[in-house]
Structures are given as C-alpha cells and as structure tokens.
Q: 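Before we start, here is the structure in question, set down as structure tokens.
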Amino acid sequence: MSENVVHLHKPTDTPTSDTAPTVLTVVPDAPPARPVPLWVRSGRAIKTAATHERTRSTGRAVARHASYTFNGGRIVARRTWDGRTGSRYERMIRAAEAAGNLEAAEEWEERLQRFRAARHHRRMDLLHSPVEAAKGVAVGAGMSIGTLVALGIVMAINTGHVGDVITPLSATIDFIALLIRIVQIVWGPALTIAPFLALLALWSVGRKQQAAPNWALPANVRNGEGEPITPSIVVKALRDLGVPALRNAIKEMGDAGASMLGPITIAGCGVEVDVTLPSGVSTNEVQNKRRKLAENLTRHEHEVFITIPQAARTVRLWIADSGALDEPIGPSPLVTDDTMTADYTKGKAPWGQDLRGDAAALSLYQRHLLITGLSNQGKTVALRSLALWLSLDKSVQFLMGDLKGVGDWAMFDGLATTLIQGPTDEHVIQVTEMVEGAVDEMNRRIQAPPGTTFPPLIVLVDEAQVAFMCPAKDEDKRPYGGSKANSRYFMAVRKIHNQGRAVNVLMWQGTQDPTNENLPKLVREGAHTRASLALGTESQARMALGDKAVDGGAAPNLLRPGLDRGTLVVASDGITIPAGQSSITVRTHYIDDDAAEAITDRAKALRDGVTTLHAIDRGAEHDPLADIAAVIGDAPRVRTKDVLARLATRNADAYGGWSFIDLKRVLDDAGAEPYKSDGVMVVARDRVARALADRNNEGSASADG
C-alpha cells in the first residue's frame with residue numbers, strides 16, 4: 001500500500017492572518033515509474049550509435065579505403081598480366097570483331113603476332129644469359145683487380161713504399177664490406193615496412209580510379225555533379241543501361257568498349273559523341289532509355305539528347321554540362337542592334353541559340369510556318385520574334401489575327417494591314433474572312449502575267465485552335481471551324497498551303513496542345529517549318545513535328561513545362577540542322593513587349609504609313625474613292641499595285657478582281673489620276689484627298705440648292 005503525503009496550507013479564499021486556520025490535505029502519492037530494463041536501454045543505445053551519421057560515415061570510410069586497396073591490387077594485377085601476356089591484343093581483336101571492323105581486327109592480330117615473336121626471342125635469350133653473365137662477371141672482376149693492382153704499383157713507385165701496391169684493393173674491399181654492413185642494418189626494417197608500402201601503393205592506385213562501391217564514395221564524388229564526360233564514363237553508362245545484348249557485347253570487349261565511341265568533342269555548353277552500337281543492338285533501344293542513360297551519366301534527363309545520324313547502328317549523344325541549360329541565353333540581336341534590317345528573300349531571322357551555343361537563324365522565304373506547344377511555354381513570343389524581324393523588311397505585308405486578344409500583337413497596329421484581336425466567335429468569323437481575302441489575293445496573283453513579282457504577304461493567326469474549334473455557322477449553314485470540306489477556315493488555310501508559296505502568300509499559325517480536333521492533319525502537314533515547345537505526350541509530338549522527326553530523335557514531349565519555356569524543337573529546311581539529324585533544339589531569345597514596341601517603331605519608320613483595319617465588313621456598301629483614301633493612309637504616295645493589294649484585303653468581294661484599269665478609271669473620274677514616280681505608277685494622297693473634298697463640296701452645294 002502506497003504512502004500518503006500530507007500538505008499543510010492555508011485556504012486561499014480567506015484573509016491571510018496569523019490566526020487563519022491551517023487545512024490538512026491528504027494527497028495520494030503517485031505510483032512510482034517502472035524502471036526500463038537494462039537490455040532495452042542497451043538496445044536503444046546500440047541502435048542510436050549504429051544509425052548515427054558519424055557511425056555511418058565511419059563505416060563508409062572504412063569500406064571505401066578497404067575497397068581502394070583490394071581493387072587497386074586487382075588493377076595492378078590486371079595491368080601486370082596485360083603487360084606480360086597478349087590479353088590486351090586479344091580483347092582489342094574481339095572488340096573490333098564485335099563492331100564489325102575486320103580491318104582493325106587484322107591489324108591487332110598482326111600486333112599480337114609481333115608481340116609473341118618478341119616475347120619468344122626474349123625467352124630464348126634467357127637460356128644463354130647465365131653463361132654469358134658468368135663470363136662477363138669473371139672478365140669484369142679480373143679487369144677490375146688488374147686495374148686496382150696497377151694503380152697500387154703506381155702509388156708505390158710514387159711514395160717508395162711497397163705496401164701501397166695493395167692499398168687500392170684493400171680500400172675497395174673495405175667499401176664493399178661497408179655496403180654489406182649497411183644492407184644488413186637496413187634489411188630487417190625494410191622487410192617489415194615493405195608490405196605496408198605495397199598496400200599504400202595499391203591504395204593509391206585504387207583511389208585514383210575511384211575503385212569503390214558508389215555508396216561508399218564521398219558525397220561530392222557520389223553525386224557526380226559537374227563530372228566531366230570521359231570515354232570510360234560513357235561506356236559504363238551504356239553497359240548499365242539494361243540492354244542485355246549491349247551489356248554482353250561490352251563485357252566481351254572488356255576495357256576496349258571505348259572502341260564503340262567516336263571522338264568526344266566540345267559542343268556549346270556540353271559535349272557530343274557518336275556511339276556505334278554492337279551488332280544486335282538497335283538505336284531505338286538506346287533512345288527509349290534516355291532517362292536511365294542520363295542518370296548513369298550523372299545528368300538530368302533534359303541534359304541528354306539522343307539523335308540518329310546517317311551512319312548505320314549509330315546514336316549521337318549530346319550531354320550538357322551540369323546545370324548549363326538552366327542558364328538564360330543572351331538578348332536578341334533585334335534588341336541590341338537598332339540598325340538591323342531584314343531581307344525576306346536572302347536573310348535569316350535571328351531566333352536564338354542551339355544546344356551547342358551557336359546562333360540559330362531561320363529562313364522564312366516561301367515557307368509556311370506552324371508553332372505549337374502547351375499553354376504558357378513561350379509560343380507567342382517565339383512566333384512574334386520572327387514577325388518582328390520580318391517587319392524590318394518594308395516590302396512585307398501582314399494580315400494578323402490574334403484569337404487570344406490580350407494585346408500580345410498590339411504593337412503591330414499601324415504596321416499590319418489587318419489586325420483582329422479577340423477570342424469570341426465573332427472574332428473567328430472576322431479572322432476567317434481575313435484568310436479568305438488572302439485566298440482571293442493569292443488567286444489574283446496566280447492569274448497575273450508570268451514573271452510578275454509580288455510582295456510577301458504573311459497571313460498570321462495566333463491561337464489557331466480557337467478557329468478550328470469554333471462552332472459558328474454562316475447563313476448557308478457552313479461551319480467556320482472544324483476540318484471538313486465545308487469548313488471555311490480549314491479550307492481557306494488549305495488553299496493557301498496548296499498554292500500560296502508560289503506567289504509569296506504565306507500562312508503562319510500558332511496553336512496550343514495539338515490534337516486531331518484542334519489541328520487537323522492536312523493543316524499540320526502543309527507547313528514547311530514545324531516547331532514545337534514542351535508537349536505532354538509522344539503522340540502530340542508526332543502531330544506537331546511529324547513521324548520522321550520524332551523517329552529521328554525529336555522529343556518535345558521530354559522538355560520540361562515551365563522550366564524549358566522558350567525552348568523549341570524545330571524541323572525545317574530553313575534552319576541549319578547537323579548532318580544526319582531531322583530536327584534541332586533551339587533556345588529562343590525572349591523579347592518583351594517594350595522591346596517589341598521599339599522594334600515595330602523602327603519598322604514603321606521604314607514605311608510610308610499603313611492604315612490598320614480592325615474589322616472586316618464585307619457586306620456593306622462601299623465607296624471606291626473613300627476606300628482608296630483609307631488604304632493610302634498617311635503616306636504621300638503609294639504604288640498602284642500596293643493600293644490594289646490593300647483594297648483586295650479590305651473588301652475582297654468588291655475589289656478582289658480589280659486590275660490597274662479599274663483603279664485608273666475610278667481615279668481618272670475623280671480627277672486624281674495616277675502618275676509615274678521613279679519609274680513606277682503611284683497614287684498621290686493629296687490628289688485623292690482633294691478629289692474627296694471637291695466631291696463632298698459639290699454634294700453639299702447640291703443639297704443647299
């Protein structure tokens with residue numbers, strides 16, 4: 001029975017005084033805590049000590065240094081064996097045979113025969129060497145003694161003492177005795193220390209080769225961050241890839257697995273190497289193991305790119321320096337060089353840098369363009385940078401539809417002939433009619449006399465998936481969206497793809513998340529230049545770039561959404577692609593809105609002035625003279641063919657079939673006849689404005705009368 005504790009205290013609810021009664025409270029004592037058994041405490045202590053980081057570090061260090069010594073002995077033994085036998089040559093022969101290089105195999109076989117012949121010659125010499133050595137020692141000893149005696153005779157003659165004859169000989173004997181004594185003294189300790197020195201030498205060899213399990217290596221070596229790429233590292237990464245045929249072939253080749261590798265060359269912010277795979281290993285087996293290969297190379301997946309060059313059974317590896325792809329590239333030359341101009345026919349747009357760090361420039365001449373990718377990955381900026389460069393060629397005309405409508409293309413107001421911005425069905429209708437007007441202009445150009453040259457007309461639609469998925473229909477029940485033969489937007493784009501290139505009418509589109517519903521196959525395949533940012537799946541990558549590019553190693557689905565923003569995989573003959581590859585990865589320059597405004601201001605200064613239409617009203621009554629004044633804008637004079645092109649874009653139904661004769665008739669009737677300036681026919685803004693003013697004054701006078 002437990003003892004009770006008695007507490008004496010005064011009540012707290014009564015005034016304190018010396019006479020206050022004392023209250024006795026009996027509180028039962030708490031039961032005593034049960035003692036922890038000794039074996040439990042010992043087990044906890046052992047567990048804590050065993051799992052402590054210091055213990056684990058000590059264990060790793062012991063295992064590491066023991067492995068250095070043991071594996072260092074293996075390395076030395078193998079080197080010795082290789083030096084004394086022909087095993088090295090035999091491995092090289094097997095490697096050459098596995099790689100299918102019979103010429104190299106024959107060359108190594110000849111070297112093996114020469115090595116064996118030389119070794120046999122050395123062994124035969126050893127049979128006669130003891131007799132020859134004995135003869136040499138006898139002759140040498142006799143000559144040495146004779147020399148010492150002769151030297152002693154000379155000394156005796158000089159000093160007159162006969163005893164000096166043996167002085168040199170006795171001195172030599174004393175010196176030999178001293179050497180023997182030194183050896184006797186040193187020999188014992190040397191025998192004791194020699195094993196430790198041998199172990200130290202083996203440990204040093206193992207340490208230099210990092211010959212220890214990966215878990216036992218130091219953290220900085222184990223992580224391998226920034227580890228340089230060497231042939232042995234690449235061979236080990238391929239060996240551990242999990243492809244049995246590849247592992248067995250490398251195992252058979254031994255250290256000669258490096259014969260699979262071409263030269264490792266510096267390529268921008270990484271290195272590049274071609275790997276000739278052994279017989280029985282296909283290139284797609286390596287491509288499908290990209291993540292594991294990257295981890296074996298101590299890299300992240302996005303830092304290793306695998307492409308297929310022209311050589312058979314060969315994969316080309318590009319391996320980035322650790323963390324290099326996360327660093328931004330420099331600003332666009334469009335921003336840094338305010339004197340830059342563009343040349344649609346011969347020039348190339350500065351788009352960014354390839355993985356090698358070289359400038360990546362794209363030719364836009366007579367090439368339809370498609371850029372796709374997930375939302376918020378830099379698609380609009382990449383597409384806009386091409387349009388910004390091309391705007392610096394004053395001959396280029398733009399028809400633009402922005403179906404996002406948040407102002408990404410607002411800086412082209414006053415530069416584009418038409419600029420429609422907005423995401424609604426009404427905006428899709430307007431954009432569709434704009435593209436159909438471009439089709440009419442294309443047909444007019446096609447019917448022009450042979451040899452006629454036409455200024456480039458870029459029909460650009462951003463967020464084109466909104467147009468393809470639009471459910472609206474016209475009064476004839478024809479859908480604006482969709483991919484059927486009666487879809488107005490789809491058919492207008494297809495017509496430009498089919499014939500527009502020949503007369504410099506080009507279709508540029510940007511779209512999100514490509515599928516068969518929002519990007520029909522015929523439209524995808526009609527683009528000459530196809531580029532993709534990060535995508536979700538391989539099937540989307542095939543839709544964006546085509547089967548050939550993806551089968552050749554293009555993998556926008558492996559780009560990291562958000563982290564690789566602005567990085568494009570491009571398939572086009574308009575950009576320099578390394579030989580044997582079907583695509584190239586480009587990190588595009590970022591041009592913000594303020595810089596884009598500055599570039600378009602420079603582009604506007606090159607032109608005579610452009611009146612931008614923000615809506616197309618194709619069914620309204622038209623006034624030819626007023627429309628001519630509108631398309632001339634603020635320019636003092638405009639070439640007649642440009643006036644015709646702008647009229648056709650403004651109202652294709654009314655002006656799509658106009659020729660120079662129709663334009664001249666209207667101007668002659670109004671008294672604003674076209675005239676020649678610098679050898680070309682032009683229309684003067686002042687003449688048209690004066691004709692409009694006179695017509696309005698006459699109308700006012702008639703009304704007053």
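Remember, it's a predicted structure, so these values are computed and weren't measured experimentally.
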Q: Please list all pairs meeting ring pair (Phe, Tyr, Trp, His ring centres under 6.0 Å) that have one or both residues in residues 628-678, counting only residues at least two apart or in different chains.
A: H622-Y655, Y655-W658
Q: side-chain contact (heavy atoms from CB on, under 4.5 Å) between T341 and D393: does it pass, once the steps are laid out?
A: CA-CA 6 Å; T341 58; D393 183 340; over 6 Å; no
Q: Where do I458 and L390 land on the side-chain contact (heavy atoms from CB on, under 4.5 Å) test, with the steps shown first?
A: CA-CA 10 Å; I458 306 299; L390 200 55; 3.7 Å; yes
Q: Is a salt bridge present between D573 and R367, judged by a nitrogen-to-oxygen distance below 4.0 Å?
A: yes
Q: For residues 465-483, pull every pair meeting salt bridge (Lys or Arg N to Asp or Glu O under 4.0 Å), keeping only residues two or more places apart or in separate chains.
A: D474-R488
Q: Enumerate the residue pairs fulfilling ring pair (Phe, Tyr, Trp, His ring centres under 6.0 Å) with a member in residues 459-482, sequence neighbours excluded, ordered by first and then second residue.
A: F468-Y489
Q: A side-chain contact here means heavy atoms from C-beta on lying under 4.5 Å apart; do K676 and V680 qualify?
A: no
Q: Check the side chains of Q397 and T417 for a donor-acceptor pair under 3.5 angstrom, ignoring hydrogens and angles.
A: no
Q: Can you pull out every side chain to side chain donor-acceptor pair (under 3.5 Å) where at least one residue sits in residues 444-455? Sequence neighbours excluded, please.
A: E441-R444, E441-R445
Q: Salt bridge (Lys or Arg N to Asp or Glu O under 4.0 Å): which pairs involve residues 589-601, sequence neighbours left out?
A: R384-D593
Q: Are any of the side-chain nitrogens in D343 or K346 under 4.0 Å away from the carboxylate oxygens of its partner?
A: no
Q: Test of understanding: with ring pair (Phe, Tyr, Trp, His ring centres under 6.0 Å), list the residues that count as partners of W409, not counting sequence neighbours.
A: F412
Q: With distance as the sole test, does S363 use its side chain to make a donor-acceptor pair with the main-chain N or O of G574 at under 3.5 Å?
A: no
Q: Take Q421 and H427 through the test side-chain contact (heavy atoms from CB on, under 4.5 Å) and record every step on the way to the result.
A: CA-CA 7 Å; Q421 303 177 88; H427 291 103; 5.9 Å; no
